[in-house]
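Written out below as structure tokens is the structure these notes cover.
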Amino acid sequence: MHAYDFRVIERKWQAYWADRQTFRTPDPGEPGFDAGRPKSYVLDMFPYPSGKGLHIGHPLGYIATDIVARYRRMRGFNVLHPMGFDAFGLPAEQFAVEHNVHPRITTERNIETMVGQLKLLGLSYDWDRAIQTTDPAYYRWTQWIFLQLYASWFDPAAGRARPVDDLTAELAAGRWHVAAGGALVLPGDPEGRPWADLDPAARRAAVDGQRLAYLAEVPVNWCPALGTVLANEEVTSEGRSERGNFPVYRRPLRQWMLRITAYAERLLADLDDVDWPEPVKLMQRNWIGRSTGAHVDFPVDGTDAVITVFTTRPDTLFGATYMVLSPEHPLVDRLTTPDRRAEVDAYRAAAAGRTEIERQAEAKVKTGAFTGAHAVNPASGERIPIWIADYVLMGYGTGAIMAVPGHDGRDFDFARAFGLPIVAVVRPDDAWLAEQAAVAGRPGGLGDYLAHIAEYPEPFTGAGVGVNSANAEVSLDGLATADAKRAITAWLAASGRGRAHVQYKLRDWLFSRQRYWGEPFPILHGPDGEIRPVDAADLPVTLPDMDDFQPEGSDDPDAPPRPPFGRAPEAWRRVTIDGRAYERELNTMPNWAGSCWYYLRFIDPHNADALVDPARERYWMAGHGVDLYVGGVEHAVLHLLYARFWHKVLYDLGHVSTPEPFGRLFNQGYIQAYAYTDRRGVYVPADEVEERDGAFFHAGEPVRREYGKMGKSLKNMVTPEDIVERYGCDTLRLYEMYLGPLDASKPWSTRDIVGVSRFLNRVWRAFVDEATGDLRVVDAPAGADLERALHRTIAKVTDDLDGLRFNTAIAALIELTNALTALDALPRPVAAPLCLMLAPLAPHLAEELWQRLGHAESIAYAPWPAYDPALLVEDAVEVVVQVLGKVRGRVVVPAGFDAAAVEAAVLADDRIRAHIAGRPVRKVVVVPGKLVNIVTG
RNA sequence: GGGGCGGUGGCGAAAUGGCAGACGCAGCGGACUUAAAAUCCGCUGGGGUGAUCCCCGUGUGGGUUCGAGUCCCACCCGCCCUACCA
């Protein structure tokens with residue numbers, strides 16, 4: 001027998017590639033490097049080495065990038081296609097705690113399993129470049145980048161990061177003054193004080209306050225059950241931890257922060273320069289959340305305190321009838337009058353004790369408390385009450401608002417709940433007025449609206465025309481909202497009562513975690529609060545050896561954080577330098593840190609002197625950085641935003657050559673699967689379920705079908721090993737790609753695999769006589785039709801692979817192969833291109849057939865077949881003929897016929913004439929080579 | 001509440017505004033076989049019809065166009081993101 005034996009073939013070629021190092025990629029300057037070729041960096045989002053192993057859905061993107069990498073090698077590119085592991089993180093730590101094994105051991109074991117599974121798929125990674133974020137040789141550079149962040153500040157004038165030493169020099173030279181809050185201001189600013197007037201502590205605070213990595217006492221998401229704080233992005237909208245779904249509480253803690261907000265504008269603007277899916281760009285834009293408006297200062301009546309608010313609607317300032325502070329606002333204590341003290345304190349305590357989920361549930365009902373204090377509306381001069389309410393968040397803007405109940409839904413609800421005055425300062429359009437009046441059962445008209453705004457069901461929040469908005473110096477009456485905004489902002493600025501402001505939703509990145517299994521900070525704490533970065537030469541700061549690395553979880557929301565490093569050996573914790581005793585930073589970095597820059601390390605993974613060699617970085621990142629980055633949408637915001645931020649800092653400091661890391665991003669869809677539950681609601685093994693007449697049965701009992709993720713718990717998991725064993729890896733690769741478009745989610749169906757399996761068998765039989773094992777290939781030209789079909793296929797497959805449309809590329813190859821089955825022998829001019837086109841998709845089979853065609857070298861670097869455009873044009877074309885848009889016949893005309901000739905030929909056709917049925921022909925639309933539409937009267 | 005993506009045969013899916021359903025699965029019929037598997041050939045959206053041909057058909061209702069699965073408007077359904085962001 002000489003049938004297609006995928007087991008033998010796949011084992012043979014995987015061994016061949018490994019032995020010959022077929023996919024080892026030489027770098028610039030190395031032997032074998034060809035500078036004459038263009039480069040292509042094809043990257044997967046590297047995985048977390050989970051203990052559960054891969055199921056059939058995980059490698060979807062890896063197969064796709066492998067096809068692209070192989071295709072581009074054949075197109076003459078130098079291709080960088082690496083793989084590694086994002087191995088720090090909570091699951092490994094939790095598993096380690098449960099099973100009392102060191103996370104390093106479980107991590108190593110998981111990686112080994114995963115590498116084995118990946119190698120089974122015949123992926124053409126350069127495995128010499130494999131990296132693990134947990135390797136001290138790797139996280140040494142993660143720590144090094146942190147030191148760069150610590151030693152840098154964001155120069156607002158230059159719009160980029162610069163070394164902190166430059167800042168000190170500029171302060172000393174008087175270029176900047178320092179305002180009360182530590183902000184840098186220009187020398188003319190009345191708030192600023194010159195460097196010379198500052199004492200050493202103030203100077204240090206001023207500089208530390210500008211660093212891109214800084215310590216701050218901030219309200220954080222404290223998760224007692226996990227024993228750690230979490231980033232906003234790790235907390236669900238229900239106010240629970242994304243991992244484990246435990247309650248999360250807000251409380252102030254001193255933590256490391258990264259100043260990503262300094263880059264908000266550039267992170268937003270540079271999205272225009274990358275080729276990414278529009279939804280991902282949109283998610284990032286929303287996350288950054290830029291809004292323009294103004295800061296407005298409200299003096300507090302009877303004190304010298306000023307409450308500054310941010311508003312996007314300064315044009316409604318005359319309608320601000322009260323103010324609201326967040327319950328956590330620092331001025332609340334000072335403002336509250338003695339008679340309101342008890343109520344305010346009770347409200348604040350209740351707000352602090354509520355979890356996010358509870359606040360969420362009560363969001364529809366407005367609650368609050370009056371402080372007893374009043375502010376003065378700077379435009380109207382009115383005395384307005386100051387309230388606190390938890391609908392105002394401390395984390396956004398200034399933590400205080402001016403409430404304009406006439407033109408804001410939340411303020412409107414609040415004002416109605418507490419009987420606060422509502423006035424109209426924007427005139428709505430007539431349609432809105434009429435509609436709302438009808439709903440309210442009011443007579444309608446502008447006069448009624450202005451007099452009885454509180455009786456209307458909802459406030460007008462759109463753009464209109466100003467009314468009731470004038471004082472002695474400025475009038476917004478009659479101005480359209482956009483003009484009114486400009487006018488009032490100009491007046492605020494001129495009179496010193498406010499200024500234009502751009503506000504971002506993006507917050508600084510909370511960078512501390514109370515965990516063991518993460519990168520230690522390269523930071524030492526001195527006895528007097530001194531912060532001393534570890535000398536770069538002393539990196540890495542390795543993880544301490546510990547037997548008990550368990551985070552201390554608690555049910556008590558008030559329990560203090562106890563990082564595991566607090567129990568590390570003295571010898572690790574205490575460091576003496578020049579006679580001064582330091583204690584190491586006890587927190588670790590979040591597990592996003594390692595994935596922020598791994599794509600750079602792949603370029604130069606073994607470099608002991610730099611995170612990446614500049615010449616290699618310039619070569620592989622040339623153009624727009626990574627040329628194709630494939631991964632799931634779940635990383636749309638966090639990973640991709642953090643990595644862009646780090647990259648921009650490294651760019652500003654001259655360590656990388658491009659402003660953006662990932663020039664092109666593609667999100668692969670998910671492979672989902674059916675799962676089945678029996679009468680008790682228990683999952684039954686999906687592969688034992690039978691379908692009969694549209695219903696589903698397990699062991700004779702009816703079961704209910706669900707659709708969702710693949711996994712052990714749903715008993716619907718299919719592993720790559722299962723499929724490779726039964727059908728071979730080439731079939732698996734082909735099937736995953738044939739399932740549908742790469743970016744779509746689609747259901748797995750093991751039953752359908754036979755289709756592509758049959759296809760590969762047909763390819764085999766086209767090349768090899770199964771009875772004799774002889775090659776069926778002959779050195780004879782292909783017939784004209786077959787030649788034409790071949791060239792059409794090459795054109796189609798080339799175009800489809802360029803566009804990542806693997807499903808239709810495979811369909812085209814199936815069609816071509818189906819045309820070969822009737823042939824007695826396979827002409828070599830068809831056999832070779834078919835083999836080449838198959839090589840990226842089903843590389844093992846292609847290698848085997850290529851070798852049998854007589855080639856001594858691997859097909860991996862053989863040139864991609866070209867097509868002859870002349871052969872894509874038919875001699876004669878069949879033109880569809882429509883009468884009044886309905887297909888009524890077909891006419892074959894020579895390809896060269898012009899519109900008039902086609903029209904004449906069509907109108908001469910008897911059957912078409914019959915359909916025209918003597919009616920006058922009003923118009924004839926001719927689409928050359930395609931279609932004719934006859935419009936009759 | 002706001003935003004995004006999608007809805008095409010029994011199933012997965014194709015289709016630069018130009019023959020809807022390529023290709024595959026499943027199904028039906030046939031060839032080969034003692035038989036089965038494998039393989040090969042044919043049919044396969046629905047309805048009517050002797051052939052032939054006709055009518056209907058891309059979630060629903062409108063619109064633009066000689067012509068709409070594709071573009072526009074409104075609505076229904078599903079999935080995803082986001083959510084008191086001032």
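So you know, we letter chains A, B, ... as the sequences are listed, proteins then strands, and number each from 1.
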Syn or anti for rG29(B), given that syn means the glycosidic angle lies within 90° of 0?
anti

Quick one: which of rC55(B), rC25(B), rU82(B) gets closest to the side chain of Arg888(A)?
rC55(B)

With the side chain of Ile814(A) defined as its heavy atoms from C-beta on, choose the nearest nucleotide among rA26(B), rC54(B), rC23(B).
rC23(B)

What pairs with Tyr396(A) under ring-ring contact (aromatic ring centres under 6.0 Å, His included), at least two apart in sequence or on another chain?
none

When every nucleotide of nucleotides 13-21 of chain B is labelled 5' to 3' by its protein contacts under 4.0 Å (heavy atoms), B for base, S for sugar-phosphate only, - for none, what sequence of letters results?
SS---BB--

Asp769(A): which residues meet the salt bridge (charged side-chain N to carboxylate O under 4.0 Å, His left out) condition with it, sequence neighbours left out?
none

If the condition is salt bridge (charged side-chain N to carboxylate O under 4.0 Å, His left out), which residues does Asp272(A) pass it with, not counting sequence neighbours?
Arg285(A)

Does a side-chain N or O from His501(A) land closer than 4.0 Å to OP1 or OP2 of rA86(B), or not?
no

N/O to N/O distances under 3.5 Å, protein versus nucleotides 40-45 of chain B:
unit_1  : atom_1 : unit_2    : atom_2 : d
rC40(B) : OP1    : Arg765(A) : NH2    : 3.4

Work out which heavy atom in Gly319(A) is nearest to a heavy atom in Pro405(A); give both atom names and the distance.
O-CD, 3.9 Å

Bracket string, RNA chain B, 5' to 3' - pairs by Watson-Crick or G-U geometry under 3.5 Å, | interstrand
(((((((..(((.....[....))).(((((.......))))).((((....))))..(((((..]....))))))))))))....

Expressed in angstrom and rounded to an integer, what is the separation of [X] atom [atom1] from [N] atom [atom2]?
X         : N       : atom1 : atom2 : value
Leu884(A) : rA68(B) : CG    : P     : 12 Å
Arg751(A) : rC25(B) : CZ    : P     : 11 Å
Leu742(A) : rG12(B) : CG    : C1'   : 15 Å
Lys505(A) : rG3(B)  : NZ    : C1'   : 10 Å
Asp413(A) : rA83(B) : CG    : P     : 20 Å
Asn761(A) : rA37(B) : CG    : C1'   : 14 Å
Trp387(A) : rC84(B) : CH2   : C1'   : 17 Å
Ile753(A) : rA26(B) : CD1   : C1'   : 15 Å

[M] and [N], which share atom name [atom1], separated by this distance in whole Å:
N       : M       : atom1 : value
rA31(B) : rA22(B) : P     : 26 Å
rC80(B) : rG57(B) : P     : 33 Å
rC19(B) : rA68(B) : P     : 11 Å
rC71(B) : rG6(B)  : P     : 9 Å
rG69(B) : rU58(B) : C1'   : 5 Å
rC72(B) : rG18(B) : P     : 15 Å
rU44(B) : rC11(B) : C1'   : 14 Å
rG27(B) : rC76(B) : C1'   : 33 Å

Lys366(A) to Phe418(A) six-membered ring, cation-pi geometry met (6.0 Å, 45°)
no

Close side-chain approach of Ser749(A) and Tyr735(A), heavy atoms under 4.5 Å:
yes

Base, sugar-phosphate alone, or nothing: which one does Ser749(A) contact when heavy atoms must sit under 4.0 Å apart?
nothing

Looking across every strand, which nucleic acid part, if any, lies under 4.0 Å from His407(A) by heavy atom: base, sugar-phosphate, or nothing?
nothing

Apply side-chain hydrogen bond (donor to acceptor under 3.5 Å, both in side chains) to Glu458(A) and list each qualifying residue two or more places apart in sequence or on a separate chain.
none

Return the orientation label for the Phe460(A) and His407(A) ring planes: parallel under 30°, perpendicular over 60°, tilted otherwise.
perpendicular

If the plane angle is over 60° it's perpendicular, under 30° parallel, otherwise tilted; pick one for His639(A) and His635(A).
perpendicular

Thr308(A) backbone acceptor or donor facing His295(A) side chain under 3.5 Å:
no

Centroid-centroid distance, Phe414(A) to Tyr322(A), less than 6.0 Å:
yes

Qualifying salt bridge (Lys or Arg N to Asp or Glu O under 4.0 Å) pairs with a residue from residues 746-755 of chain A, counting only residues at least two apart or across chains:
none

Can you name the one residue among Leu60(A), Ile671(A), Asn807(A) that meets side-chain contact (heavy atoms from CB on, under 4.5 Å) with Leu739(A)?
Ile671(A)

What residues from residues 277-284 of chain A pass a heavy-atom cutoff of under 4.0 Å to RNA chain B?
Pro279(A), Leu282(A), Met283(A)

Just distance, no hydrogens or angles: give the donor-acceptor pairs under 3.5 Å from side chains in residues 760-768 of chain A, sequence neighbours left out.
unit_1    : atom_1 : unit_2    : atom_2 : d
Asn761(A) : ND2    : Ser757(A) : O      : 2.9
Arg762(A) : NE     : Asn818(A) : OD1    : 2.9
Arg762(A) : NH2    : Asn818(A) : OD1    : 3.1
Trp764(A) : NE1    : His2(A)   : O      : 3.0

Would you give me the side-chain donor-acceptor pairs under 3.5 Å for residues 922-937 of chain A, sequence neighbours excluded?
unit_1    : atom_1 : unit_2    : atom_2 : d
Asn933(A) : OD1    : Gly885(A) : N      : 3.0

Given that Ser291(A) and Val756(A) both sit by RNA chain B, which one's nearest nucleotide is further toward the 5' end?
Val756(A)

Donor-acceptor contacts, no H, no angles, side chain residues 789-796 of chain A, under 3.5 Å, sequence neighbours left out:
unit_1    : atom_1 : unit_2    : atom_2 : d
His791(A) : ND1    : Asp868(A) : N      : 2.8
Arg792(A) : NH1    : Glu874(A) : OE2    : 2.9
Thr793(A) : OG1    : Ala789(A) : O      : 2.7
Lys796(A) : NZ     : Asp800(A) : OD2    : 3.2

